[in-house]
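A short write-up of the structure that comes next.
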Amino acid sequence: MHFAGPSDIMPIMNWLSLYKGRLIVAGPCSVESHHQLLATAQGLSQTGRVTVLRAGLWKPRSRPGKFEGVGARAFPWLKEIKEKTGMQIAVEAAMPEHATLCLKHGVDMIWLGARTTVNPFMVQEIADAIKGSGIPVMIKNPVSPDVRLWVGAIERVHLAGSNKIIAIHRGFHNHEQSIYRNIPLWEIPMQLKRELPGLPVICDPSHIAGNRKWVKEVAQIAFSRELDGLMIETHHKPEEALTDAHQQITPAELTQILDDLFDESETPAQAATLKSLRNRIDEQDYQILELLAKRMRLVKEVGTLKKALGEDVVQPGRQQKLLDDREQKGSMLNLNKPFIRKIMQLVHEESVNIQSTLAHSESRAEHKEQNKPTQKHS
Ligand code: PEP
Ligand code: MN
């Protein structure tokens, strides 16, 4: 059965209070202790900006033997915190048993993690576990960049009777080297928005960035892409966190980031557009850097092969041909020819440098090998 469209998915402002038009979800990656949860939640509540407290109780780790969450014993703590702060409580359900326990303990919403969305069998089992309860569900994108898996998980939860659904963009696994922990591929959440208009989509800049230094810039890009809110990992002492310590921020830092973001979005329309365009330019520049790094890795591979074949680093005619070709291709994209020639010259020079260094370091090693004193047999 195909999803008829999220026409009956409830707009978030109808059931959640927003901060300046956006939903703010924050809280620790993992609940670690009563004290940590209480201190973090109180800090977040005092910001006056957070509607939903995220609290991971079960943490699947790549390898066994590390902290795997406090589990069900934290439910009474969550209840106490809801009473004290009034924040809604969200817990990750990675298995149907988790969802059942969340329903039993009156948790306000659950979320499906990226490793769950990737598995339609598990999504279906969780959907069956919540069937008819109407519990709100936030659904993270799958780890792999496949929008159909994301849509499929939303459909399964929707068919189980939930019309309070929020998608969370948390970036995608990338085997290439990247600036971020998870590559954002902004086109994918944009495609989701086009396929399911009306579905609220928020961004998790913490898991995209993987480092607290980049959380704000990712959040900024999310706002310029008109996403509906943020989920940000927050800890009262981030450096002591048992999971995702690099990317968590304090409640005070969260306030600062949100103030900066909203300050910028509150400027007059033209200034806001300018900010938004600049964010898009930043995003494109990061992509250019990643492409350059990829290109230079290829250059190294070619250098190694040239060496093995005994070929020279600089091959006559190659540079001229390359520059002419790029100049022509660039002008087809309306780029200025001398500009393209200059950039490509620099790129080519750097490539030659890389290959020369490689060739020399290898030949030095060979030279040493050849000049080794012959061993005397005793
Ligand atoms: C998390 O939210 O802490 C988490 C594990 O995220 P993800 O499912 O996006 O990896
Ligand atoms: Mn985390």
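The figures that follow rest on heavy atoms only: side chains count, while hydrogens, waters and symmetry mates do not. In listed order, ligands and their atoms are each counted from 1.
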Just distances here: any N/O of [X] and N/O of ligand 1 closer than 3.5 Å?
X: E92; result: no
X: R54; result: yes
X: A114; result: yes

Between [X] and [Y], is there a donor-acceptor pair closer than 3.5 Å when you use the side chain of the first and the backbone of the second?
X: R156; Y: F121; answer: no
X: R115; Y: P60; answer: no
X: Q36; Y: E32; answer: yes
X: T40; Y: L37; answer: no

Please name the residue in the list V299, T304, D312 that meets the side-chain contact (heavy atoms from CB on, under 4.5 Å) test with Q355.
-> V299
Identify, for atom 6 (O) of ligand 1, the protein heavy atom at the shortest distance, and state residue, atom and that distance.
-> K140 NZ, 2.9 Å
In terms of residue, atom name and distance, what is the protein heavy atom nearest to atom 9 (O) of ligand 1?
-> R170 NE, 2.6 Å
Ligand-residue contact atoms, ligand 1 with [X], heavy atoms, under 4.0 Å:
X: K59; value: 1 (C), 3 (O), 5 (C)
X: R115; value: 7 (P), 8 (O), 10 (O)
X: C29; value: 3 (O)
X: G113; value: 8 (O)
X: E233; value: 1 (C), 3 (O)

Side chain to side chain donor-acceptor pair (under 3.5 Å) partner of Q315, the single match among R318, Q319, E311 = E311
Which of these, Q248, R212, Q247, sits in a side chain to side chain donor-acceptor pair (under 3.5 Å) with E233?
-> Q247
Step by step, would you call E226 with K193 a salt bridge (Lys or Arg N to Asp or Glu O under 4.0 Å)?
-> CA-CA 10 Å; E226 291 175 1; K193 267 173 148 324; over 6 Å; no
Sequence neighbours excluded, which residues qualify as ring-ring contact (aromatic ring centres under 6.0 Å, His included) partners of H246?
-> none
Hey, can you tell me if Y286 and Y180 have their rings parallel, tilted or perpendicular (30° and 60° cut-offs)?
-> perpendicular
So F172 and W150, would you call those rings parallel, tilted or perpendicular, with 30° and 60° as cut-offs?
-> perpendicular
From the options M231, R181, H207, select the one whose nearest heavy atom is closest to atom 4 (C) of ligand 1.
-> H207
Could you please give the number of protein N/O/S atoms within less than 2.8 Å of the Mn ion (ligand 2)?
-> 4
